[in-house]
Participant: 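Okay, handing you the structure first.
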Amino acid sequence: MLKKLPIDTYTFKSMMEEGYMYVDKTEIVYKLTHESKITFLSRPRRFGKSMLCHTLKEYFSGNKELFQGLKIYDLEKDWVKHPVFFFSMSSLKDCSVSEMKDKLMLNLDKYAEIYGDNIKETTPGARLSGLIERSMENNGPKPVIIIDEYDAPLLNILDEPNLLNEVRGFLREFYQVIKDYEGYLRFAFITGITKFSQLSIFSTLNNLNKISLLSDYDAICGITEEELQTQLLPYLEVFAQKNEITINQAFNKLLEYYDGYHFSDEDTRVFNPFSLIKALNDKRLNYYWFDSGTPTFLINQLKRFNTNLAELENEKLPASLLDMPATELTNAIPLLFQSGYLTIKSYDKDFEVYLIGIPNKEVRVGLSESLLPMVTKIDNITSNSTVINFATAIRANDLNTALEVIKSYIASIPYDVMTKEDWEDKAKCERFYQVLIFVMFGLFNRYTYIEVKSIRGRADIVMFAENTVYVLEFKVDSSADEALKQIDEKGYAIAYQDRLKGRNVVKCGININSKLRTIDGWKSC
C-alpha cells in the first residue's frame with residue numbers, strides 16, 4: 001500500500017510520524033548546513049519553503065529518529081541538539097503593527113518557558129536577544145534561527161508607502177537580532193519571495209549567503225523529473241492507470257502542466273510541488289496552484305507598472321535584476337520571476353543574462369485567466385465561453401469561425417477600458433491589442449506561442465493545432481493584406497513548412513480597426 005501524499009500536512013515531524021510520503025531532500029540539506037551559515041532562499045509561494053524550514057528545525061533539534069531511512073541519517077555523525085528559534089511570519093499578514101507585536105511576543109513565550117524570561121524585554125527584538133543569550137549561558141551548542149516567509153507582512157502593502165515604512169521599521173528591530181548575533185549562531189535560515197531593503201538582512205549581514213540562483217541548491221525545493229520517475233514512480237503508475245494512458249504519456253502530461261521551473265543557469269528542471277502532489281493524489285490534471293489564490297500584490301504591481309504582457313516570453317535579464325528588491329522595482333518582471341509566474345529558460349554565458357519565460361501550461365492559463373478581466377473588464381464566464389468556442393473551431397480547422405468568435409469578443413470590450421485620449425493614440429491602441437491578444441491566446445492551449453522570434457523578426461502568434469500550424473500577424477488600422485505581406489516578407493512561416501512535414505501551414509493576416517474597436521478583416525492562405 002502506498003504512503004499518503006502530503007496534501008494536508010506541512011511539517012516534517014508530522015509527515016514522518018504519520019507515515020506520509022517524503023521526497024528525500026536531506027542530502028542537499030546536509031550540504032547546505034555544512035557549507036553555509038547565514039542563508040537566504042527565495043522561492044515562489046507553495047513551493048516547499050515551509051517544509052524545508054521544518055526539516056531544518058528537526059535536524060538542528062537533534063531528532064535523529066525522524067530521519068531514519070533518509071540520506072542525512074548516515075551522513076550526519078553527531079546529531080547535536082541546538083537551541084532552535086523558529087518563526088513563520090505568514091501569521092503576521094494583514095495585521096496592524098500592534099497585532100504583529102502581540103503575535104510575535106506570544107510566539108516567543110514558548111522559548112521563554114525553556115530559557116527564562118526578563119520583564120525588561122518589552123519588544124520582540126529585545127526579547128529574542130535575551131533568549132539567545134540565555135540559551136548560550138552554559139556554553140552549550142550554538143543557537144539556530146529559522147525565519148520562514150520573512151516578507152509575508154510586507155507584500156500586500158507595497159503600494160502603501162506610509163504603512164510599508166511603519167511595518168518595515170517594526171520588523172527591522174526584530175531582524176536586527178540576526179545581525180547582532182551573527183558571530184554566535186550555528187546557522188540562520190531565511191525564506192521569502194522577494195527582497196526588501198532596510199530590514200537589517202540584505203544590507204548589513206556580513207556573511208549572508210543568497211542561494212536562490214545557485215546550481216547547488218536549485219532542487220532544494222520542488223520536485224525534479226528524476227524524483228518523479230524514481231521516488232514518486234508508484235504514484236505516477238497509479239495516475240497513468242486511472243487515466244487509461246501509458247506511464248510515459250502520464251509523465252509527459254505532468255511535464256506539460258507543472259514542470260519547467262529553473263532556478264539556476266544549469267538545466268535542472270523542477271516541478272511545482274504543490275500542483276504535482278495534488279495531481280498525483282487526485283489522479284487528475286487541474287490548475288491547483290492558481291486555484292489556491294493569485295496574490296493581490298502581483299496584480300497590483302502589474303497595474304502599477306503597466307506591464308507589457310506580450311513581452312513576458314522574451315525578456316533577457318542579468319542576475320542583478322532577477323534578484324532586485326521589491327521596493328526598487330522599475331517594472332514587474334523581476335517580481336513575476338520571484339513569484340513563480342516566470343522562470344529561467346536559458347542562460348547566455350557570454351553576456352551573463354537569463355532568458356525569462358512562462359514555465360508551463362498551468363501558469364500560462366492561470367495567468368491569462370487572472371489578467372484577462374484586468375485588461376478587458378469582462379467577466380471570466382464570458383471569457384471562458386469565448387475560449388471554448390474558439391478552441392472548438394480551431395479543432396475543426398475552421399479558422400474563419402474562430403476569428404468571428406474573437407471579433408465578437410473584442411467588440412464587447414467596454415469603451416472605458418481605456419480613456420478617449422488613449423483610444424486616439426495609435427501606439428497605445430496597438431499596445432492594448434497586443435496585450436489583449438497575448439492574454440487571450442495564452443488561454444487557448446500550450447501550443448500557442450506569442451512574439452515568436454525568427455531570423456528576420458517576430459511573428460505575433462504561432463499556434464499548433466492537431467494537423468495545422470497557424471502563423472498569425474495582427475495590424476492596427478492597416479489591412480489584412482499588409483499583415484499577410486509581413487508574414488511572407490519576414491519569412492515567419494518558413495521554419496514550420498520545412499520542419500513539420502505532414503502538417504498544413506496556414507498564414508493569416510488580421511487587421512483591427514481602432515475606431516470600431518474590433519477586427520474588421522482577415523486574409524489567409
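From a predicted model like this one, the values you see are computed outputs, not experimental measurements.
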Participant: If only side-chain N and O atoms count, and only distance matters, is there a donor-acceptor pair under 3.5 Å linking Thr194 with Gln338?
Facilitator: yes

Participant: Checking Tyr20 now: which residues fulfil ring-ring contact (aromatic ring centres under 6.0 Å, His included) with it, not counting sequence neighbours?
Facilitator: none

Participant: Going by the rule ring-ring contact (aromatic ring centres under 6.0 Å, His included), which residues pair with Phe337 if we only count those two or more places apart in sequence or in a different chain?
Facilitator: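 Applying ring-ring contact (aromatic ring centres under 6.0 Å, His included) to Phe337 gives none.
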
Participant: Does Arg43 qualify as a cation-pi partner of Phe263, given the criterion of NZ or CZ under 6.0 Å from the six-membered ring centre and within 45 degrees of its axis?
Facilitator: yes

Participant: Quick one: closest heavy-atom pair of Phe67 and Tyr73, and the distance?
Facilitator: O-CB, 3.3 Å

Participant: Take a 6.0 Å sphere around CD of Glu27 and say whether it holds more than 12 heavy atoms from other residues, nucleotides or ligands.
Facilitator: no

Participant: Mind checking side chain to side chain contact (heavy atoms under 4.5 Å, CB included) for Ser346 and listing every partner two or more places apart, or none if nothing turns up?
Facilitator: Leu355

Participant: Can you give me every donor-acceptor pair (side chain of residues 213-220, partner residue at least two apart or in another chain, under 3.5 Å) with its distance?
Facilitator:
from   : atom 1 : to     : atom 2 : distance (Å)
Asp218 : OD2    : Ser264 : OG     : 2.9
Asp218 : OD2    : Thr268 : OG1    : 3.2

Participant: Should the ring pair Phe47 and Tyr261 be called parallel, tilted or perpendicular, given that the plane angle runs from 0 to 90° and is split at 30 and 60?
Facilitator: perpendicular

Participant: Using 30° and 60° as the class boundaries, would you call the ring planes of Tyr150 and Phe202 parallel, tilted or perpendicular?
Facilitator: perpendicular

Participant: Could you grab the distance from atom CG of Leu254 to atom NZ of Lys361, nearest 0.5 Å is fine?
Facilitator: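 Rounded to the nearest 0.5 Å, the CG-NZ separation comes out at 12.5 Å.
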
Participant: Using the side chain to side chain contact (heavy atoms under 4.5 Å, CB included) criterion, which residues pair with Thr230? Sequence neighbours excluded.
Facilitator: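 Per chain and number, Thr230 pairs via side chain to side chain contact (heavy atoms under 4.5 Å, CB included) with Glu226.
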
Participant: Using the six-membered ring wherever Trp is involved, compare the ring planes of Tyr288 and Tyr258 and label them parallel, tilted or perpendicular (cut-offs 30° and 60°).
Facilitator: tilted

Participant: With distance as the sole criterion, is a donor-acceptor pair present between the side chains of Thr39 and Asn209 under 3.5 Å?
Facilitator: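 The criterion, which ignores hydrogens and geometry beyond distance, is not satisfied for Asn209 and Thr39.
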
Participant: What residues, two or more places apart in sequence or in another chain, satisfy side chain to side chain contact (heavy atoms under 4.5 Å, CB included) together with Asp267?
Facilitator: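 Per chain and number, Asp267 pairs via side chain to side chain contact (heavy atoms under 4.5 Å, CB included) with His262.
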
Participant: Roughly how far, to the nearest 0.5 Å, is CG of Asp259 from CZ of Phe271?
Facilitator: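 It comes to 4.0 Å.
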
Participant: Would you please classify the geometry between the Phe86 ring and the His54 ring as parallel, tilted or perpendicular, with 30° and 60° separating the classes?
Facilitator: tilted

Participant: Do you know which of Leu56, Thr55, Asn63 makes side-chain contact (heavy atoms from CB on, under 4.5 Å) with Phe12?
Facilitator: Thr55

Participant: Quick one: do Lys71 and Asp24 make a salt bridge, cutoff under 4.0 Å?
Facilitator: no

